Amino acid sequence: MNLENIAGKISAIPINKIKKIHVACRPPEKSNVVLTVKINDHNWYCERPTYYWSTFDKSFVEIPYLDEQKIIYPNIKTPLAIFDKRGLFWTRDEMSSFGLLRYFLNHPQKYISVMTKHTTDVKNIMQDIAKQKNNWNKTKYLKINLAIIQASYYKFYRYHSSVFMLFDELAWQFRRLLLKYLTIEQVNSYFPQFLSGEATRLALKKGYVAERSALEYQPTRGVLYAMNLRPRLFYAAPKFKLHYSNNTKIANALYRAKITTKDLKNFLAFRKLVPVGYQINEEAQYAETAGLSAHLGVLIKLVYKKLNLSLDKIQKLSLEQIIAKL
Amino acid sequence: MASLSNITGTCVSPGEIIGTICFYKKNIKYSKKDIVYLNEWLTSGVALLKNAGGLLSNHGGLTCHASIIAREYKIPCLVALKNYKILKEGQLIKLNATAETITIL
């Protein structure tokens with residue numbers, strides 16, 4: 001079945017008739033509802049049911065979102081991701097946070113290699129934008145800069161599901177596994193150290209967190225752009241480590257609690273995946289907000305001015321249509 | 001001493017602290033004797049609470065950015081509290097975030 005057919009079938013189901021599942025890994029304010037439908041024996045999931053991507057937004061996310069499966073599962077040629085006609089993004093089980101978690105627990109090295117590639121791409125994105133730093137708010141360079149930001153989003157969101165969607169589930173399931181065998185005190189003394197990294201420490205030191213948190217109060221913010229945030233290129237390279245305090249003590253406690261072979265294998269995989277996932281997620285959040293979103297916000301303001309278009313009208317056009325009008 | 005066993009929450013930053021419950025207000029300087037309760041679990045709120053002794057919220061989760069900040073500040077913290085309404089401003093409590101318990105002193 002091709003992309004169009006799947007998208008057509010999903011689009012034909014009214015939202016209120018679609019099955020909803022609640023995920024424990026995200027709090028309600030972070031969208032803990034996932035939509036799910038079954039098409040030809042495959043489960044499809046929409047993990048951001050409040051994001052209705054507009055034509056303009058899709059100019060930045062559609063290609064990379066649909067391409068991510070090529071990085072994770074290069075041998076699967078069947079489409080594993082689609083946008084329905086409403087603009088909602090759907091993934092087949094393999095590309096959902098649940099499927100990705102299963103896959104990466106069995107292939108932790110693959111996760112590390114994908115994330116290493118991602119972090120190199122983020123560094124390159126920052127450099128590409130930095131080269132245009134002095135020309136970013138000049139109308140003369142608007143077309144060039146729009147092309148740069150689009151290419152940057154392509155590179156950035158080629159890892160969307162494995163960076164943004166997977167992480168909450170990854171952390172939650174690691175904690176859940178520990179809670180099966182250990183006391184709450186043992187878990188809470190051990191687990192939080194996996195959720196710590198350089199990006200936030202540096203951001204706190206530089207006062208950058210306050211800027212990022214300004215987004216919480218921005219009514220004009222779309223997912224891809226922040227209109228009133230100072231564009232800033234902030235990058236903190238993730239640092240990977242394997243030694244955590246109490247590793248041996250926790251491993252012994254798990255043996256004493258008769259951990260199953262499968263859970264032991266998952267425990268060892270989680271120990272590799274969670275700290276990497278955490279740091280990559282943080283790196284990406286910072287790169288996304290004042291990095292990409294604020295830079296696109298500046299360009300949208302220039303488009304307003306030059307074409308005399310409101311944000312609503314811009315949303316109905318693709319980037320290519322806008323560039324053609326400039 | 002009464003343990004508020006009805007209150008359950010998730011530890012996002014471990015540690016133990018004795019302090020007074022304060023309901024979060026903007027522009028107040030909190031000290032290590034204050035255990036600040038936040039109705040909204042926002043980065044902007046938590047980022048200003050570096051000096052608080054403990055943090056509580058009925059919202060939030062392990063991976064929220066506000067939780068990450070609390071962890072970086074090493075402030076004992078419980079989020080996603082259930083039955084939080086029995087908490088009263090000014091109560092002296094012992095917050096054991098590691099054990100996920102709150103005890104009225």
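If you're wondering where the values come from, they're calculated on a predicted model, not measured in any experiment. In what follows, chains are A, B, ... by sequence order, proteins preceding strands, each numbered from 1.
- How far CD1 of Ile68(B) is from CD of Gln285(A): 7.0 Å, rounded to the nearest 0.5 Å.
- More than 12 heavy atoms of other residues, nucleotides or ligands shown are found within 6.0 angstrom of NZ on Lys110(A).
- Between Glu282(A) and His65(B) there is a side-chain heavy-atom pair separated by less than 4.5 Å.
- In this structure, CD1 in Ile184(A) is found 7.5 Å from SG in Cys11(B), a value given to the nearest 0.5 Å.
- For chain A, the nearby parts of Ala99(B) are the backbone and the side chain; heavy atoms of each come within less than 4.5 Å.
- By the neighbour-count criterion of 12 heavy atoms within 6.0 Å, atom NZ of Lys20(A) is densely surrounded, having more than that number from other residues, nucleotides or ligands.
- Of all residues spanning residues 170-178 of chain A, those with a heavy atom less than 4.5 Å away from chain B's heavy atoms are Ala171(A), Trp172(A), Arg175(A), arranged by number.
- When the candidates Cys25(A), Pro28(A), Ser196(A) are compared by the number of heavy-atom contacts under 4.5 Å with chain B, Ser196(A) comes out ahead.
- Residues Thr200(A) and Ile69(B) meet the side-chain proximity criterion, which asks for heavy atoms closer than 4.5 Å.
- For the atom pair Cys64(B) SG and Asp168(A) CG, the distance stands at 8.0 Å (nearest 0.5 Å).
- The neighbour count for Tyr255(A) OH, taken as heavy atoms of other residues, nucleotides or ligands under 6.0 Å away, does not exceed 12.
- Here the side chains of Pro192(A) and Pro14(B) are in contact, with some heavy-atom distance below 4.5 Å.
- A donor-acceptor pair under 3.5 Å is absent between the side-chain atoms of Arg201(A) and the main chain of Glu72(B), judged by distance alone.
- In the displayed structure, Lys32(B) atom NZ is contacted under 6.0 Å by more than 12 heavy atoms of other residues, nucleotides or ligands.
- For Gly61(B) against Pro27(A), the heavy-atom pair with the smallest separation is N-CG, 3.8 Å.
- Under 3.5 Å, the side chains of Thr98(B) and Asn188(A) contain no donor-acceptor pair of N or O atoms.
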